[in-house]
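Start at 1 with the first residue, then count along the sequence. Since we're looking at a predicted model, the values are computed, not measured.
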Amino acid sequence: MLLRITPVVTVRHYMNLHDLFQAMYESCLGTALAESLYVYPLVEGIHLLSLAFSFGLIVLVDFRLLGIALPSLPVGEMLKQLRPWMIGGFTATFVTGILLMFALGPKLLATFIFPLKLLVILLAALNAIWFEWKFGRDQDYLTGRKDPVVSAKIAGAISLASWSTVVVLGRLIPYFDGSF
């Protein structure tokens, strides 16, 4: 008698981005947000206000880096005062953005705008990380004993351009898909 061994085939289903967004949308949280008369507009309003708050502070810092505004104020002093506010604003923007992803689900992926927005956010975040790594410990630069160098000005310009693009792309999302 021969013993016949048959391999067990397991099929793994890896969740793609559309499946993830669909699962978020169909979750209790996604359904509650999408169907709420008051909570969804409140979340969207907080998202927009916190983004405007953070973006306004970023513009101020970027203008300082570019030498356009507050040239007598050392960059380090400005960052010391504004960093907690910027982090708070971006935290609120991030949390409410995730909540909006739950409420809108796969509709966000129906157009190239939302993935492009996420890509530009990643670029802006990498630029901020690079700036902090490069200049965050440079006391001469931070205390104002040294003028902004070209690379800091480039970081400011990239930040200004990328966050402006994020705002524009965010506002374009509803216009590229009629289901919003």
Side-chain angles (χ1 to χ4, degrees), residues 11-66 68 82-134 151-180:
V11 177
R12 294 182 189 241
H13 176 71
Y14 294 101
M15 188 177 278
N16 62 30
L17 200 55
H18 185 274
D19 293 340
L20 173 65
F21 276 58
Q22 187 67 40
M24 291 167 65
Y25 181 70
E26 291 174 354
S27 71
C28 291
L29 178 60
T31 302
L33 285 168
E35 294 178 359
S36 173
L37 183 60
Y38 300 110
V39 177
Y40 178 81
L42 179 66
V43 169
E44 188 173 34
I46 292 170
H47 184 71
L48 294 173
L49 288 172
S50 61
L51 178 63
F53 180 75
S54 300
F55 181 67
L57 295 176
I58 285 289
V59 167
L60 192 59
V61 171
D62 291 342
F63 279 180
R64 171 60 187 97
L65 291 174
L66 293 168
I68 297 171
L82 297 181
R83 188 178 281 123
W85 295 98
M86 289 189 297
I87 290 171
F90 277 117
T91 301
T93 303
F94 180 76
V95 169
T96 55
I98 297 293
L99 291 174
L100 290 172
M101 288 168 49
F102 271 90
L104 298 172
K107 289 186 264 184
L108 290 170
L109 299 175
T111 177
F112 69 96
I113 299 291
F114 182 72
L116 183 59
K117 177 183 175 181
L118 293 181
L119 184 65
V120 177
I121 289 171
L122 177 64
L123 171 70
L126 290 173
N127 181 59
I129 291 167
W130 177 84
F131 177 82
E132 286 294 329
W133 176 76
K134 179 81 174 164
S151 56
K153 290 181 180 187
I154 291 171
I158 290 171
S159 173
L160 193 58
S162 57
W163 287 116
S164 297
T165 303
V166 166
V167 170
V168 170
L169 290 172
R171 294 308 310 140
L172 285 176
I173 289 171
Y175 298 104
F176 275 79
D177 181 30
S179 64
F180 284 103

Contact check, side chains of L123 and L126, non-hydrogen atoms, under 4.5 Å: no
List in chain and number order the residues that pass side-chain contact (heavy atoms from CB on, under 4.5 Å) with F53, two or more places apart in sequence or in another chain; answer none if no residue qualifies. L57, W85
Could you tell me which non-hydrogen atom of Y25 sits nearest to which non-hydrogen atom of A34, and how far apart they are? CE1-CB, 4.3 Å
Should V166 and F55 count as side-chain neighbours, where that means a heavy-atom distance under 4.5 Å? no
Where is the tightest heavy-atom contact between L33 and A103, given as atom of each residue plus distance? CB-CB, 3.8 Å
For S36 and P41 the tightest heavy-atom approach is O-CD, 4.2 Å
If you take all heavy atoms of I113 and L169, which pair is closest and at what distance? CG2-O, 3.2 Å
Closest heavy-atom pair, S50 versus G89, reported as atoms and distance to 0.1 Å, is CB-O, 3.6 Å
To the nearest 0.5 Å, atom OG1 of T91 lies from atom CE of M86 at 11.5 Å
To the nearest 0.5 Å, atom CD1 of I58 lies from atom CG of L65 at 9.5 Å
To the nearest 0.5 Å, atom CZ of F114 lies from atom CG of L108 at 5.0 Å
Would you give the length of the straight line joining atom CG of L66 to atom CD1 of I154, rounded to the nearest 0.5 angstrom? 10.0 Å
Write out all pairs satisfying ring pair (Phe, Tyr, Trp, His ring centres under 6.0 Å) with one or both partners inside residues 89-110, taking only residues at least two apart or from two chains. F90-W163
Atom pair NZ (K153) and CD1 (I68), whose distance is rounded to the nearest 0.5 Å: 9.5 Å
Listed partners of T96 passing side chain to side chain donor-acceptor pair (under 3.5 Å), at least two apart: H47
Distance (rounded to the nearest 0.5 Å) between M24 CE and L99 CG: 8.5 Å
With a cut-off of 3.5 Å and sequence neighbours excluded, list every side-chain donor-acceptor pair involving residues 115-122.
none

Would you check, one step at a time, whether the test side-chain contact (heavy atoms from CB on, under 4.5 Å) holds for L100 with E44? CA-CA 7 Å; L100 290 172; E44 188 173 34; 4.1 Å; yes
Least distance between heavy atoms, L160 atom then D62 atom: N-OD2, 3.1 Å
Got a sec, which residues hit side chain to side chain donor-acceptor pair (under 3.5 Å) with T165, two or more places apart in sequence or on another chain? none
Listed by chain and number, what are the side-chain contact (heavy atoms from CB on, under 4.5 Å) partners of N127, not counting sequence neighbours? A155, I158, S159
